[in-house]
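Okay, so here's the structure we're looking at.
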Amino acid sequence: MDKPLTSKLRGDGTVVDIAAYERAGGYEGLRKALGLQPQDVTEIVKRSSLRGRGGAGFPTGLKWSFVPMGANAPSPKYLVANADEMEPGTFKDRVLMEGDPHQLIEGMVVSAYAIQASIGYIFLRGEYHLSAQRLRAALAEARARGYLGSNILGSGYSFELYLHVSAGRYICGEETALLNALEGKRAHPRTKPPFPQVSGLWGKPTIVQNVETLCNIPHIVANGTDWFRGLSLSEDGGTKLYGVSGKVNRPGLWELPLGTTIREILEEHAGGMRNGLRFRGVLPGGASTDFLVEEHLDTPMDYTQVQKAGSRLGTGTMVVLDDKTCPVGMVWNLEHFFAQESCGWCTPCWSGLAWTEKILLAMEQGTAEKQDLEVLRFQTKFLAPGNTFCAFAPGAVEPLQSALKYFSDDFRRHVDEKRCSWRQ
Amino acid sequence: MLTAEEEQEIKAELAHYPNTQAVCIDAMMVVQRSRGWVSDESIRDIADLLGMSSADLDGVATFYNLIRRKPVGRHVALICDSVSCWIMGCERVRDQLCTRLGTALGGSTADGRFTLLPIVCLGACDHAPVMLIDGDLHTDVDEQRIDQVLQKYI
Ligand SMILES: Cc1cc2nc3c(=O)[nH]c(=O)nc-3n(C[C@H](O)[C@H](O)[C@H](O)COP(=O)(O)O)c2cc1C
Ligand code: SF4
Ligand code: FES
């Protein structure tokens, strides 16, 4: 089975340098792209049915087609790699950047060429020290070999790419907040429209794309759309990086066909539950996705099927809940994160999440009242899509609303017994 | 006063952006790397250099998790408290660290060796619990490994 994104990664944790990358066919996708018209590259990506790997799953080629093109288009145009990766439970983009930084760089040059962007940034979270070090070295290598800078490989096309190291805040991953962070401002999200494709960084057309999404691009251009669609078991193209954390035998990360079932990932790759523990539930795609439970284990992990089961593919990195871990405690931990990371711009979100967290903590400490359960239910409606300025708050209540559905007995018991029976 | 090296490092970043405000986060991180934190005086110096008001710059500084407006110890230990680490027992690790070092989360040791702070998911959830000390990631830190890890930082 083809594993385009990870087959070059070294088992010993060292980096694929430029020589090794070129030997493995690296930068061939770029050579091929530079021989095509920019719009043709966008068309290929459209036909590949690649969807964004950052959480929202928007079709990538379609997004690019909204960028103004031609001699009268605003200039400069920008391309940004979203390497913020702060969604709890998610550890996929770090592996790609640490292990094979040139793959991201090549993906960015090809994507930038398609939309005719002349400046790019890699927006990297500040805690990723090793990624920063390896990306810096790779950027210098790529520049020295003529893959970046002016007149790339003699094509007449020029693209400058810089690393921007962020100073940390989950909301920076939301693409319009990210733009404000890059401009040196507080990272509050922006109103849409205008969409970044038309008016983004400093008011110019900007495409923001997840690291894993960008890493797919050179392979699509080099090997074609039929090959890319053939990698997948679902209607959308490609492989997917799937991760598992929690009390399984072999937590880890695997590149598998898009649409591999939850059961196969948990049992065959993660080695099943640890001795003496039973599976109770899973957040399929990071902290801001709804819990799925036993009846959903045969769900293929793709955009459509996970949604049908009542959750989202999200980042594709799962967090597993076992039967000896308190679901109420787990949800309290999640809402603590969201309450802390709310950017504070709109009241329902910052105030609603602080309240939610307080109630969950009270349940854990045994001081919650019966009507608090109603307040939690109310908050999940109050913070639903459409009621807050950005998608952060609806994401924040996804694990809570599904926990109230699947683990309601546990919540009730915390209130009735006035304690958490999992703690000694 | 910013040192000549700090000023040079900040000015090198200016070439990457169309205006000066865009480098303000980089500038604060430059100062923090050399001094450990960003003082009121540094805020004024950086604001002057970039043509911003100190109030605007402090507004940016206080938004971000990694910009420190208070002095810290020689080493900063960031302990992940997000969901996978919580499932894998980061509360026990945290309690043990606090006991070993004699300080609460958010505080510094009396000898100025360590500052202990919570941090959100560090992106190594398959090796939880995880902590980051200065620039080094430490994974699978259970109660046995803590002492071994701490010894590396004097
Ligand atoms: C609160 C919030 C946090 C987000 N964090 C990230 C992130 O860390 N990385 C990422 O790629 N996308 C993140 N996203 C999604 C981005 O807004 C955007 O959809 C994505 O970067 C687009 O790239 P893609 O189409 O390649 O997935 C986040 C969204 C929200 C609402
Ligand atoms: S929903 Fe939350 S994160 Fe989004 S703008 Fe409002 S306060 Fe900020
Ligand atoms: S939850 Fe701790 S590293 Fe991800």
Side-chain angles (χ1 to χ4, degrees), chain A residues 76 85-95 119 121 125-130 133 160 162-170 172 181-188 201-202 243-247 250-253 283 287 317 319-322 325 329-330 333-334 336-337 340-341 343-344 399, chain B residues 13 15-30 32-33 38 50 52 56-68 78 80-91 118-137 139-140:
Chain A
E85 190 157 82
M86 286 179 76
E87 174 88 6
T90 304
F91 51 97
K92 61 184 188 74
D93 298 338
R94 179 179 59 79
V95 173
I119 301 176
Y121 297 99
R125 66 175 293 192
E127 294 91 340
Y128 279 6
H129 294 272
L130 188 59
Q133 187 188 321
E160 290 296 341
Y162 305 111
L163 178 67
H164 176 96
V165 178
S166 174
R169 200 69 196 265
Y170 173 64
C172 293
L182 255 174
E183 290 184 10
K185 299 171 181 162
R186 291 169 76 88
H188 298 297
L201 274 176
W202 298 287
V244 177
S245 63
K247 292 189 175 166
R250 290 190 304 273
L253 189 75
L283 302 172
T317 42
V319 184
V320 174
L321 169 70
D322 58 84
T325 296
M330 178 168 168
N333 175 277
L334 292 163
H336 167 76
F337 167 84
Q340 172 185 304
E341 293 296 317
C343 87
Chain B
E13 288 291 329
H16 303 173
Y17 303 91
N19 67 26
T20 54
Q21 166 153 16
V23 307
C24 74
I25 295 167
D26 289 308
M28 290 188 281
M29 292 307 269
V30 165
Q32 183 163 294
R33 266 197 297 280
V38 184
L50 301 180
M52 296 172 70
D56 274 347
L57 184 63
D58 202 17
V60 175
T62 51
F63 187 89
Y64 293 91
N65 294 340
L66 297 179
I67 296 175
R68 303 189 284 255
L78 301 175
C80 174
D81 65 3
S82 290
V83 64
S84 310
C85 287
W86 181 85
I87 291 173
M88 301 308 284
C90 69
E91 288 180 342
I119 189 82
V120 299
C121 177
L122 287 167
C125 328
D126 52 341
H127 289 284
V130 180
M131 65 182 186
L132 183 71
I133 305 186
D134 304 334
D136 310 323
L137 198 66
T139 51
D140 302 300

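Proteins come first, then strands; the chains are lettered A, B, ... in the order of their sequence lines, and each starts at number 1.
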Looking at A:Cys343, A:Gly246, A:Ala167, A:Gly344, which one has more heavy-atom pairs under 4.5 Å with chain B than the rest?
-> A:Ala167
If every non-hydrogen atom of B:Tyr64 is compared with every non-hydrogen atom of A:Cys172, which pair is closest and at what distance?
-> CE2-SG, 3.7 Å
Among A:Ala287, A:Ala187, A:Pro251, A:Gly252, the residue with the most heavy-atom pairs under 4.5 Å to chain B is A:Ala187
Considering only heavy atoms and a distance below 4.5 Å, find which of A:Lys185, A:His188, A:Glu85 pairs most often with chain B.
-> A:Lys185
So how far is it from B:Asn65 CG to A:Gln340 CD, rounded to the nearest 0.5 Å?
-> 6.5 Å
Heavy-atom contact with chain B under 4.5 Å, split by part of A:Val320 | backbone
Side chain from CB out, backbone as N, CA, C, O: work out which of these in A:Val319 comes under 4.5 Å of a heavy atom of chain B, or both, or neither.
-> side chain
Heavy-atom closest pair (A:Tyr128 atom, B:Gly123 atom, distance to 0.1 Å) is OH-CA, 3.4 Å
Given that the side chain runs from C-beta out, which part of A:His336 has a heavy atom under 4.5 Å from chain B: side chain, backbone, both or neither?
-> side chain
Heavy-atom distances under 4.5 Å only: say whether A:Glu341 touches chain B with side chain, backbone, both or neither.
-> side chain
What distance separates B:Ile119 CD1 from A:Met86 CE, expressed to the nearest 0.5 Å?
-> 6.5 Å
Take A:His129 and B:Leu137 through the test side chain to side chain contact (heavy atoms under 4.5 Å, CB included) and record every step on the way to the result.
-> CA-CA 9 Å; A:His129 294 272; B:Leu137 198 66; over 6 Å; no
Heavy-atom proximity to chain B below 4.5 Å, by part of A:Arg186 | both
Nearest heavy-atom approach of B:Cys121 to A:Gly89 is SG-N, 3.6 Å
Starting at CD of A:Glu183, measure out to SG of B:Cys24 and round the result to the nearest 0.5 Å.
-> 11.0 Å
Out of curiosity, A:Arg250 CZ to B:Asp126 CG, how far, rounded to the nearest 0.5 Å?
-> 13.0 Å
Name the option with the most non-hydrogen atom pairs under 4.5 Å to chain A; the candidates are B:Thr62, B:Ile67, B:Leu122, B:Leu50.
-> B:Leu122
When the 4.5 angstrom heavy-atom criterion is applied to B:Ala124 and chain A, the contacting part is both
Would you give the length of the straight line joining atom CE of A:Met330 to atom OG of B:Ser84, rounded to the nearest 0.5 angstrom?
-> 7.5 Å
Taking the inter-plane angle between the rings of B:His16 and A:Tyr162 on a 0 to 90° scale, is it parallel (under 30°), tilted (30 to 60°) or perpendicular (over 60°)?
-> parallel
May I ask you to test the B:Val83-A:Phe337 pair for a side-chain heavy-atom distance under 4.5 Å?
-> no
B:Asp56 versus chain A, heavy atoms under 4.5 Å apart: side chain, backbone, both or neither?
-> neither
Is the closest side-chain heavy-atom distance between B:Trp86 and A:Leu334 below 4.5 Å?
-> no
Could you tell me which portion of A:Leu182 (side chain, backbone, both or neither) has an atom closer than 4.5 angstrom to a non-hydrogen atom of chain B?
-> both
In terms of heavy-atom pairs under 4.5 Å with chain B, which of A:Gly243, A:Gly126, A:Gly329, A:Pro76 leads?
-> A:Gly329
For the residue pair B:Tyr17 and A:Tyr121, categorise the inter-ring angle as parallel (less than 30°), tilted (30 to 60°) or perpendicular (more than 60°).
-> parallel
B:Val120, B:Ile25, B:Leu57: which one forms the most heavy-atom pairs within less than 4.5 Å of chain A?
-> B:Val120
What distance separates A:Asn333 CG from B:Ile87 CD1, expressed to the nearest 0.5 Å?
-> 8.0 Å
Relative to chain B, which segment of A:Thr90 carries a heavy atom at a distance below 4.5 Å: side chain, backbone, both, or neither?
-> backbone
Interface moiety of A:Asp322 toward chain B, non-hydrogen atoms closer than 4.5 Å = side chain
